[in-house]
Chemist: 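Take a look at the following structure, please.
Since the structure is predicted, the reported quantities are computational estimates derived from the model, not experimental observations.
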Amino acid sequence: MKSLFIASLVVSGIFASSTHGFQSRESGVIRRRKTLGFGPEHPHKVFKATLPPQIQLFASVAPPDPFEAAARYIRDITGNKDFHIRQDSYTDKNTGVTHVYARQVVNGLEVLDGDLNLNIKDGTLLSFGNSFYPGPAPAFFEDADPEDISYPHSEYCETLISEMDSFPGHSDQVVMGRHGDAHLDHLYHSNCRFYNLPDQLFNKGFTFGADPADFRPALLHFMIAATPKPDLADDIQVNFDNHMNSMRVTDTSHFAPTESHVEFTADNVPDAVNPVKVRLAYIQVPNTEKTASTLKLVWKFEVEMQDNWYQAAVSANAPHRIISVVDWASDSPIPTPEHPTPSYYVFPWGTNDPECGPMSIVDANADKLASPVGWHALPCANDPASDPGCRSALGAQFRNTTTTWGNNVFAQENWEGMNHYVTNLRPSAEGMNFHYEYDPKSGPGVDPLSEAKAYINATVTQLFYTSNMVHDIYYRYGFDEVSGNFQQYNFGRGGRGDDAVVANAQDGSGFNNANFMTPPDGTSGRMRMYLWNTALPYRDGDLEAGIVIHELSHGLSTRLTGGPADSGCLGWGESGGMGEGWGDFLATMIRSSDGDTEFPMGAWAANRTKGIRNYVYSTDNTTNPSVYKTLDKPGYWGVHAIGEVWAEMLWVVAQDLIKVHGFSDSLYPPLPLEDGTVPDGDFFRPGLMVPKKGNTLIVQLVISAMKHQPCRPTFFDARDAILQADQVLTGGENYCTIYKAFAKRGLGIDAKIEGQTPWGGGRRTNVCCSSCL
């Protein structure tokens, strides 16, 4: 077997591709940051949509109220299982579809993966995804027989070891210049170094307090596996009791009929940067034959670390095994404050990078619907940087800023690579003219890092501009307050605020990467952009729009899939891969022009003509041969490699829709008129908020479909959700066009997978048929 204990550690990011590699600022050597991601697959999970031909799921007429209808449908679907309808359920104002999210409850505790999402319009159930536990409820605190269940962590690691033993030593699939065997080494080290530790400690008699009511031993077991610091992992094992007794536990239990009442926070947890949120819950674990699931009592942890933000489920009873883990690292009228119109000297929207066009001065193009007070204003009450006097005197009143700090985005340098950001450096322009030159030099005696830092004002201005443009365009395609977008203040339009994107430029924790952490609605997403030392002068990822769009798209897909309060739906396997693929696809669509059929990703930053994926995205099967069965190849374990296949499929679907409906020169919908109405123009169908052209339509379908698909979707689920989104928006007129396009890449109507595993394994069958019926 190859060496399993490599010295480098990693966390996922966009352009680390499958290997997540980047260079340490301090050492100058390549290191890898660590991330965990795995969980159970549920044999009983289903997604059913009323695609053509139309199917009436229930004969009786549903009540007109969508939530009353949802409660009835849930009882019919589940056989009267206990549940609560989550507060992040909402009605899409553009489509009229109500997206209802229900969580199963057993013995008063939530079932973490007992999810049921319903899509309802006019009282009719359009589709639903269901992963409710179908069996009888166990006695409270009764746990599953360990001999009768399988453990996802152990199976993942044992399968990975087998894959590493059989790997031929090289692969024809090269990712970021590294071969697949190095990638498997990294996966093992990140996820599996301590997978036998719970049994080893338990068999030695170190139960560390087998009382399931004490979560501290389970939390420390998780921190041993999660910390990227080998010395700390060893110290926790040696001084387990000391670390456990040093925690400060606060009981935050409360009585509420829709929530679990067994809740705590834990402070002073080793390697956590904020108090850990703790909740007692159940999770479903397959039996040894994988034919059914049973409930296991677990502690749910939300752990924010320097480079990760985890949602983990660890068995409450000793031995404390990790069962699943997801890394979140995917109008009311108001007075508008007066200020000069901001302007920016940037690479304008549509210019992907410095090689695609020059910088120019552009005025702030804040959308009146998406950003009613512009990009530089927010209420004192919601401003992390406002002083107590501002908060007490102005409260909810808006104040203008003269920096890259506003309601949607907080942009600044992060040279130290730390979590603080409020006092970090950002440009300040009293006249609201953010005009900064960018012309870095290279040559003898020029320190490339210092040279890059000298242009930080230009860099942060570009990051702020691009991020706000992405916020506004996604808003217009349906990523609004109720669906979980990122804003400090939500203007009374629903959802949870205080979650503007924290956008860190030139992040000091490494080179050659980028990442985005997406906690649930109401907590800020955090984007970290890096310098790339792939050329001299260094190339700044903040200046490549495709990188920024990809990262922000993680926030989009994570919040929309499974509902804005659940960030655990795109954690691994095909679902995690699609989280990467949507980012590539949307970035490519935003930069494309009429007639474009091929695009690389990350070509400028990485200084590689073909970019950093296995293939450029292309409609040519020779240039990009990716099909559904490609996922069976060695080297396609990682979410980035899986995502390439999904993005390629979407690119082919987009081009076929463009052939039918034509191409819009702008993806941006027309701005609203003074009375707030949006003109149809040549963008929307008359009287409908449905884009006319193929490129605008596919963006709308992809974003709308994220709201329809279930938690932890497969490629099939996401495909069918796109078909259903088309049914809602156009009456299904593109059904055959879309199906045939997916079939070109193997995801035809009879495609299938056998032996699917949580991490994306299985035996796939391509179906490239021309029929869509």
Side-chain angles (χ1 to χ4, degrees), residues 14-15 17 343-365 411 434-442 451-452 455 457-470 472-474 503 505-506 512-514 527 529-553 583-613 615-619 623-624 647 651 654-655 658 663-668 695-696 699:
I14 166 181
F15 291 141
S17 195
S343 67
Y344 316 95
Y345 187 56
V346 291
F347 296 100
W349 185 249
T351 302
N352 186 67
D353 57 68
E355 290 185 348
C356 293
M359 300 177 76
S360 61
I361 296 176
V362 299
D363 289 339
N365 194 29
F434 295 84
H435 300 170
Y436 306 101
E437 295 288 338
Y438 179 76
D439 187 22
K441 305 295 190 299
S442 62
E451 186 72 0
Y455 293 93
N457 282 345
T459 289
V460 175
T461 297
Q462 183 74 54
L463 181 60
F464 181 78
Y465 167 79
T466 304
S467 298
N468 274 290
M469 289 293 293
V470 173
D472 286 5
I473 194 172
Y474 283 174
Q506 296 187 3
N512 306 342
N513 204 344
M527 178 167 62
M529 306 296 299
Y530 298 121
L531 291 171
W532 292 63
N533 60 5
T534 51
L536 291 175
Y538 286 171
R539 298 190 170 183
D540 195 326
D542 301 279
L543 304 182
E544 183 160 348
I547 302 179
V548 180
I549 295 167
H550 175 107
E551 295 307 328
L552 292 167
S553 297
D584 277 13
F585 170 72
L586 289 168
T588 300
M589 288 304 300
I590 287 173
R591 69 176 291 195
S592 64
S593 302
D594 193 9
D596 290 333
T597 59
E598 293 186 0
F599 272 114
M601 285 296 297
W604 178 76
N607 194 25
R608 296 177 61 184
T609 303
K610 294 185 177 180
I612 50 79
R613 303 305 191 214
Y615 307 103
V616 301
Y617 293 117
S618 172
T619 56
T623 303
N624 190 323
W651 181 247
Q655 299 310 309
I658 290 169
F663 188 91
S664 172
D665 290 335
S666 174
L667 277 179
Y668 209 100
N695 58 325
T696 54
V699 171

Chemist: For the residue pair Tyr530 / Asn512, report whether a side-chain donor-acceptor contact shorter than 3.5 Å exists.
Modeler: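 Note: Asn512 and Tyr530 side chains miss the donor-acceptor criterion.
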
Chemist: Measure across Ile549 and Tyr474 and return the closest heavy-atom pair with its distance rounded to 0.1 Å.
Modeler: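 Closest approach of Ile549 to Tyr474: CG2-OH, 3.7 Å.
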
Chemist: Apply side chain to side chain donor-acceptor pair (under 3.5 Å) to the pair Gln506 and Asp542, showing each step before the final yes or no.
Modeler: CA-CA 8 Å; Gln506 296 187 3; Asp542 301 279; 5.5 Å; no

Chemist: Looking at every heavy atom in both Tyr438 and Tyr538, which two are closest together, and how far apart are they?
Modeler: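 Answer, listing the atom of Tyr438 first, then Tyr538: OH-O, 4.1 Å.
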
Chemist: Between Asn607 and Ala535, what is the shortest heavy-atom contact and its length?
Modeler: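 The pair with the smallest heavy-atom distance is ND2-CB, 3.7 Å.
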
Chemist: Is Glu598 paired with Lys610 through a side-chain N to carboxylate O contact shorter than 4.0 Å?
Modeler: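 Answer for the salt bridge query: no.
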
Chemist: Is the distance between the ring centroids of Tyr617 and Phe599 under 6.0 Å?
Modeler: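 When the ring centroids of Tyr617 and Phe599 are compared, they turn out to be at least 6.0 Å apart.
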
Chemist: To check you understand the geometry: which heavy-atom pair defines the closest contact between Gly583 and His550, and what is its length?
Modeler: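 What the structure gives for the nearest pair is C-ND1, 3.5 Å.
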
Chemist: What are the two closest non-hydrogen atoms of Ser592 and Trp651, and how far apart are they?
Modeler: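 Taking Ser592 first and Trp651 second, the nearest heavy atoms are CB-CH2, 4.1 Å.
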
Chemist: Is there a side-chain contact (heavy atoms from CB on, under 4.5 Å) between His435 and Ser343 once you walk through the steps?
Modeler: CA-CA 8 Å; His435 300 170; Ser343 67; 2.6 Å; yes

Chemist: How long is the straight-line distance from CG of Asp540 back to OH of Tyr455, given to the nearest 0.5 Å?
Modeler: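 That separation rounds to 12.5 Å.
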
Chemist: Which atom pair, heavy atoms only, marks the closest approach of Ala411 to Phe464?
Modeler: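 Scanning both residues, the minimum pair turns out to be CB-CB, 3.9 Å.
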
Chemist: Please evaluate residues Asn695 and Ser664 with respect to the criterion side chain to side chain donor-acceptor pair (under 3.5 Å), reporting the C-alpha separation (whole Å), side-chain torsions for both, the decisive distance (0.1 Å), and the verdict.
Modeler: CA-CA 7 Å; Asn695 58 325; Ser664 172; 4.9 Å; no

